[in-house]
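To keep things clear, I will list the structure first and then write my remarks on it.
All of these numbers come straight from a predicted model, not from anything done at the bench.
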Amino acid sequence: MKFIADMMLGRLARWLRLYGYDTKYGIKDDDEIIETAKKEGRIILSRDLELVERAKKLGIKAIFIESNSIEGQIAQLMRLGIEFNELFPEGARCPKCNGIIVRVSKEEVKGKVPEKVYESYDEFYVCTNCGQIYWPGRQWEEMVKMDKKFRTNKP
Ligand SMILES: [Zn+2]
């Protein structure tokens with residue numbers, strides 16, 4: 001299942017990537033969003049009802065996202081039966097660029113992360129597209145907390 005999110009849904013797009021979903025984001029033009037969805041078989045996610053209706057008329061799958069909050073948005077997608085497996089770095093995509101994240105050895109990130117980080121962690125991941133390095137630090141802990149919150153909100 002692949003998605004394309006409109007410009008209103010940057011946060012949702014980043015979360016979908018973290019959950020491993022191939023999610024395109026950053027296209028402003030409605031026609032281009034529809035074209036891309038059609039060409040690449042993506043489901044459109046949008047806060048714009050007009051865009052959603054237009055896409056549906058063309059036979060393209062589109063979901064009108066009802067809530068403004070990330071909690072509400074994830075809850076809606078869960079209600080629709082979209083699976084959210086527990087956050088796990090190996091299955092995640094890069095929240096920045098949608099690239100695939102792979103685990104790398106500690107030696108590979110030497111000199112590329114702050115020394116304190118290098119000393120404190122043994123687990124490192126890198127985005128194969130943009131090169132961003134990730135490790136299970138405070139930011140990751142915050143995301144895991146959010147993930148738990150999404151699950152308890154589950155209707
Ligand atoms: Zn990336």
Side-chain angles (χ1 to χ4, degrees), residues 1-103 113-114 117 121 123-155:
M1 201 180 282
K2 293 190 287 185
F3 299 102
I4 181 165
D6 78 11
M7 294 306 285
M8 302 279 291
L9 297 171
R11 204 165 172 214
L12 179 61
R14 284 198 298 279
W15 273 101
L16 285 167
R17 289 169 178 172
L18 284 167
Y19 283 110
Y21 286 110
D22 179 344
T23 306
K24 232 176 206 182
Y25 172 74
I27 298 174
K28 290 190 186 83
D29 184 64
D30 283 2
D31 294 326
E32 210 184 315
I33 289 177
I34 287 176
E35 258 324 291
T36 307
K38 196 173 159 190
K39 233 191 311 182
E40 299 177 9
R42 293 177 184 274
I43 299 170
I44 295 173
L45 303 172
S46 179
R47 292 273 296 140
D48 178 358
L49 194 55
E50 252 174 73
L51 170 62
V52 170
E53 294 299 333
R54 241 181 83 201
K56 281 184 177 169
K57 267 181 207 146
L58 295 165
I60 296 158
K61 274 190 193 162
I63 298 170
F64 174 67
I65 299 294
E66 293 152 10
S67 176
N68 253 324
S69 76
I70 186 67
E71 290 89 347
Q73 292 167 355
I74 300 264
Q76 183 189 354
L77 295 180
M78 282 178 171
R79 266 198 317 272
L80 292 172
I82 292 161
E83 261 183 74
F84 288 88
N85 294 319
E86 242 171 89
L87 273 194
F88 198 64
E90 255 118 327
R93 279 179 175 251
C94 178
K96 281 192 178 167
C97 79
N98 199 33
I100 289 168
I101 289 174
V102 293
R103 184 154 184 188
V113 294
V117 168
Y121 297 95
E123 209 182 325
F124 292 95
Y125 300 86
V126 65
C127 170
T128 54
N129 183 48
C130 75
Q132 177 74 39
I133 299 165
Y134 296 97
W135 58 89
R138 200 173 303 149
Q139 230 184 329
W140 179 256
E141 280 165 29
E142 285 303 314
M143 289 192 282
V144 170
K145 246 185 250 167
M146 278 293 280
D147 173 53
K148 289 216 174 87
K149 203 170 146 202
F150 294 149
R151 265 159 232 292
T152 42
N153 281 346
K154 194 177 170 178

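Between I43 and I63, some side-chain heavy-atom pair lies under the 4.5 Å cut-off. Side-chain atoms of N85 and E83, non-hydrogen and from C-beta on, do get closer than 4.5 Å to each other. The shortest side-chain heavy-atom distance between D30 and R54 falls under the 4.5 Å cut-off.
Annotation for E90: atom CD counts as buried by contact number, over 12 foreign heavy atoms lying within 6.0 Å.
Looking only at atom types and distance, the side chain of N98 has no donor-acceptor partner in the side chain of N129 under 3.5 Å away. Side-chain contact of E123 with Y125: a donor-acceptor pair under 3.5 Å is present, judged by distance alone. At a cut-off of 3.5 Å, with distance as the only test, no side-chain donor of Y25 or D6 sits close to an acceptor on the other residue.
Taking both residues in full, the closest heavy atoms of Y134 and P95 are given as OH-CD, 3.4 Å, listed atom of the first, atom of the second, then distance. Contact between I33 and I27 at its shortest, heavy atoms only, is CD1-O, 3.4 Å. Residue R151 comes nearest to Y19 through the heavy atom pair NH2-CE2, 3.8 Å, listed as atom of the first residue, atom of the second, then distance. The nearest pair of heavy atoms linking P136 to Y121 is O-CE2, 3.4 Å.
Classification of K145 and E142 as a salt-bridged pair holds, one side-chain N sitting under 4.0 Å from a carboxylate O. K24 and E40 are joined by a salt bridge, as a carboxylate oxygen and a charged side-chain nitrogen come within less than 4.0 angstrom of each other. Ion pairing between R17 and D22 fails under the 4.0 Å rule for side-chain N and carboxylate O. Here R79 pairs with E66 in a salt bridge; the nearest charged N to carboxylate O distance falls below 4.0 Å.
Using a distance-only test at 3.5 Å, with no hydrogens or angles considered, a donor-acceptor pair links the side chain of Q73 to the main chain of S67. Side chain of R47 to backbone of I65: a donor-acceptor contact under 3.5 angstrom is found.
One distance of note links CG of L9 with OG1 of T23; it measures 11.0 Å at 0.5 Å rounding.
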- Task: Could you check M143 against L87 for side chain to side chain contact (heavy atoms under 4.5 Å, CB included), going step by step and ending with a plain yes or no?
- Result: CA-CA 8 Å; M143 289 192 282; L87 273 194; 4.0 Å; yes

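Checked against W15 for a ring-ring contact (aromatic ring centres under 6.0 Å, His included), the options Y21, F84, F150, F3 give a single hit: F150.
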